[in-house]
Amino acid sequence: MTALLDMDRLLDDLEAGLRKKLEERGVTSPALIGIRTGGVWLADVMSKRLGLQEPWGELDISFYRDDFSRIGLNPKVKPSSLPFSTEDRDIILIDDVIMSGRTIRAAMNEIFDYGRPASIILATLVDLGARELPVQPDVTGRVLALQSHQRVKLRGPDPLHIELQETGK
Ligand SMILES: O=P(O)(O)OC[C@H]1O[C@H](OP(=O)(O)OP(=O)(O)O)[C@H](O)[C@@H]1O
Ligand SMILES: O=c1cc[nH]c(=O)[nH]1
């Protein structure tokens with residue numbers, strides 16, 4: 001296990017970036033959605049930091065993954081829970097990590113099944129690059145370049161830490 005980053009600073013940077021983006025876009029009443037599982041604790045933390053009054057939502061994108069027919073359904077999958085319609089809303093979509101972009105592609109497909117949003121701001125705590133789809137975060141805490149055999153796992157919120165994993169490939 002390796003602590004690669006100052007996690008408090010990372011959260012501060014993500015919050016500051018989000019505040020700036022919301023101001024730029026003139027968004028005053030965003031609806032926040034976290035992607036399970038890594039985006040859920042982060043949605044909770046950011047909702048509090050941004051002082052959002054409305055409950056945030058959780059997306060489980062398992063059914064929307066592009067390899068669903070290959071991997072089938074994990075028994076731990078729970079239905080998504082959005083306590084609001086996304087129709088005409090300004091959405092903050094949040095996740096701990098972005099790499100290929102496939103999770104975000106799946107999340108956006110699911111969001112549109114709940115209604116057509118007015119806009120989406122994508123925020124990720126860590127951006128690993130190595131994109132396979134043209135999906136970029138609007139706000140990110142830190143860009144981190146890994147070697148091809150490395151992966152990271154973010155765990156939070158208490159204690160908030162990042163694990164570096166060697167895949168052996
Ligand atoms: O951009 P991508 O290549 O799709 O990778 C990003 C996703 O990978 C991790 O999720 P994971 O599938 O490991 O599940 P978890 O959130 O339950 O840890 C992370 O939390 C992101 O959701
Ligand atoms: O290293 C990685 C790659 C994708 N998603 C993660 O959470 N970590």
Side-chain angles (χ1 to χ4, degrees), residues 1-11 13-15 17-18 21 30-49 56-82 86 91-114 117 120-169:
M1 190 190 306
T2 318
L4 292 169
L5 300 167
D6 177 338
M7 299 304 279
D8 285 336
R9 176 124 183 252
L10 206 55
L11 289 171
D13 289 351
L14 192 72
E15 180 190 339
L18 266 171
K21 187 58 69 179
L32 180 63
I33 299 175
I35 301 174
R36 287 197 193 118
T37 55
V40 166
W41 64 263
L42 187 56
D44 189 36
V45 168
M46 277 302 140
S47 176
K48 288 177 181 135
R49 279 178 170 245
W56 45 274
E58 293 182 26
L59 272 191
D60 196 314
I61 54 101
S62 303
F63 282 118
Y64 289 75
R65 283 178 61 134
D66 50 25
D67 55 358
F68 178 69
S69 59
R70 188 153 40 93
I71 60 172
L73 186 59
N74 183 307
K76 289 188 187 154
V77 168
K78 292 187 289 174
S80 295
S81 156
L82 294 192
T86 56
I91 305 288
I92 300 173
L93 177 61
I94 200 160
D95 205 356
D96 57 347
V97 176
I98 183 168
M99 192 174 88
S100 68
R102 289 179 189 273
T103 298
I104 300 302
R105 194 282 307 163
M108 287 203 284
N109 277 27
E110 185 165 2
I111 285 172
F112 273 76
D113 283 352
Y114 281 83
I120 299 177
I121 291 172
L122 175 61
T124 66
L125 200 52
V126 172
D127 180 353
L128 297 179
R131 215 74 82 236
E132 294 168 3
L133 298 177
V135 178
Q136 314 302 338
D138 297 296
V139 180
T140 198
R142 199 64 37 92
V143 176
L144 202 60
L146 298 184
Q147 294 175 35
S148 58
H149 62 282
Q150 293 178 322
R151 292 288 179 271
V152 291
K153 192 83 192 163
L154 264 74
R155 307 219 186 257
D158 201 13
L160 188 48
H161 63 285
I162 184 166
E163 293 174 8
L164 180 64
Q165 302 171 339
E166 306 285 333
T167 65
K169 286 185 191 163

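Numbers here are sequence positions counted from 1. For ligands, and for the atoms within them, numbers begin at 1 and follow the listed sequence. These numbers were taken from a predicted model, which means no experiment stands behind them.
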A.B. asks: Answer side chain, backbone, both or neither: which part of Arg151 comes under 4.0 Å from ligand 2, heavy atoms only.
C.D. replies: both
A.B. asks: For atom 5 (N) of ligand 2, which protein heavy atom lies nearest, and how many Å away is it?
C.D. replies: Val97 CG1, 3.8 Å
A.B. asks: Looking at atom 13 (O) of ligand 1, tell me if a protein heavy atom falls under 4.0 Å from it.
C.D. replies: yes
A.B. asks: Give the residue and atom name of whichever protein heavy atom lies nearest to atom 8 (N) of ligand 2, and the separation in Å to one decimal.
C.D. replies: Val152 O, 2.8 Å
A.B. asks: If you measure from CD1 on Ile94 to CD1 on Ile104, what distance do you get to the nearest 0.5 Å?
C.D. replies: 10.0 Å
A.B. asks: Quick check: does any side chain N or O of Thr167 sit under 3.5 Å from a backbone N or O of His149, one acting as donor and the other as acceptor?
C.D. replies: yes
A.B. asks: Do ligand 1 and Gly38 have nitrogen or oxygen atoms that lie under 3.5 Å from each other?
C.D. replies: yes
A.B. asks: Is there a donor-acceptor contact under 3.5 Å from the side chain of Asp95 to the main chain of Thr124?
C.D. replies: no
A.B. asks: Looking only at distances, can you tell me whether any N or O atom of Ile35, backbone or side chain, sits closer than 3.5 Å to an N or O atom of ligand 1?
C.D. replies: no
A.B. asks: Which residue and atom name correspond to the protein heavy atom nearest atom 4 (C) of ligand 2, and how close is it?
C.D. replies: Met99 CB, 3.9 Å
A.B. asks: So which heavy atom in the protein is nearest atom 1 (O) of ligand 1, and how far is it from that ligand atom?
C.D. replies: Met99 N, 2.8 Å
A.B. asks: Quick one: which ligand 1 atoms are inside 4.0 Å of a heavy atom on Arg36?
C.D. replies: 16 (O)
A.B. asks: Heavy atoms only, cut-off 4.0 Å: how does Leu154 contact ligand 2, side chain, backbone, both, or neither?
C.D. replies: neither
A.B. asks: Which is it for Thr37 and ligand 1 at heavy atoms under 4.0 Å: side chain, backbone, both or neither?
C.D. replies: both
A.B. asks: If we check side-chain contact (heavy atoms from CB on, under 4.5 Å) with Ile33, which of these qualifies: Ile91, Ile120, Ile92?
C.D. replies: Ile91
A.B. asks: Do Arg36 and Ser81 come close enough that some side-chain heavy atom pair is under 4.5 Å?
C.D. replies: yes
A.B. asks: Between atom CG of Leu164 and atom CD of Gln147, what is the distance when rounded to the nearest 0.5 Å?
C.D. replies: 9.0 Å
A.B. asks: Output the list of atoms in ligand 1 that are nearer than 4.0 Å to some heavy atom of Ser100, sorted by atom number.
C.D. replies: 1 (O), 2 (P), 3 (O), 4 (O)
A.B. asks: Show, in sequence, the C-alpha distance, side-chain angles and deciding distance for Leu93 and Ile35, and conclude whether the side chain to side chain contact (heavy atoms under 4.5 Å, CB included) test is met.
C.D. replies: CA-CA 8 Å; Leu93 177 61; Ile35 301 174; 3.8 Å; yes
A.B. asks: Between NZ of Lys153 and CG of Asp96, what distance do you get to the nearest 0.5 Å?
C.D. replies: 7.0 Å
A.B. asks: Just jot down the ligand 1 atoms closer than 4.0 angstrom to any heavy atom of Lys153, in number order.
C.D. replies: 13 (O), 15 (P), 18 (O)
A.B. asks: State if Glu132 counts as touching ligand 1 under the rule of any non-hydrogen atom under 4.0 Å.
C.D. replies: no
A.B. asks: Under 4.0 Å from a heavy atom of Asp95: which atoms of ligand 1 are those, numbered in the order shown and with their elements?
C.D. replies: 20 (O), 21 (C), 22 (O)
A.B. asks: Passes side chain to side chain contact (heavy atoms under 4.5 Å, CB included), Gln165 versus Gln150? Steps please.
C.D. replies: CA-CA 6 Å; Gln165 302 171 339; Gln150 293 178 322; over 6 Å; no
A.B. asks: Looking only at distances, can you tell me whether any N or O atom of Val97, backbone or side chain, sits closer than 3.5 Å to an N or O atom of ligand 1?
C.D. replies: no
A.B. asks: Considering all heavy atoms of both residues, which atom of Glu110 and which atom of Asp60 are nearest to each other, and what is their separation?
C.D. replies: OE1-O, 3.0 Å
A.B. asks: Is Ile162 close to Leu10 at the side-chain level, that is, under 4.5 Å between some pair of heavy atoms?
C.D. replies: no
A.B. asks: May I ask you to list the atoms of ligand 2 that are less than 4.0 angstrom from any heavy atom of Leu128?
C.D. replies: 1 (O), 2 (C), 3 (C), 8 (N)
A.B. asks: Which residue supplies the protein heavy atom nearest to atom 7 (C) of ligand 1, what is that atom called, and how far is it?
C.D. replies: Thr103 OG1, 3.4 Å
A.B. asks: More than 12 heavy atoms of other residues, nucleotides or ligands under 6.0 Å from CZ of Arg9: yes or no?
C.D. replies: no
A.B. asks: Could you tell me which non-hydrogen atom of Arg131 sits nearest to which non-hydrogen atom of Leu133, and how far apart they are?
C.D. replies: CG-O, 2.8 Å
A.B. asks: Going by the atom numbers of ligand 1, which of them fall below 4.0 Å from some non-hydrogen atom of Gly101?
C.D. replies: 1 (O), 2 (P)
A.B. asks: So which heavy atom in the protein is nearest atom 19 (C) of ligand 1, and how far is it from that ligand atom?
C.D. replies: Asp96 OD1, 3.3 Å
A.B. asks: Return a yes/no value: protein heavy atom under 4.0 Å from atom 9 (C) of ligand 1?
C.D. replies: no
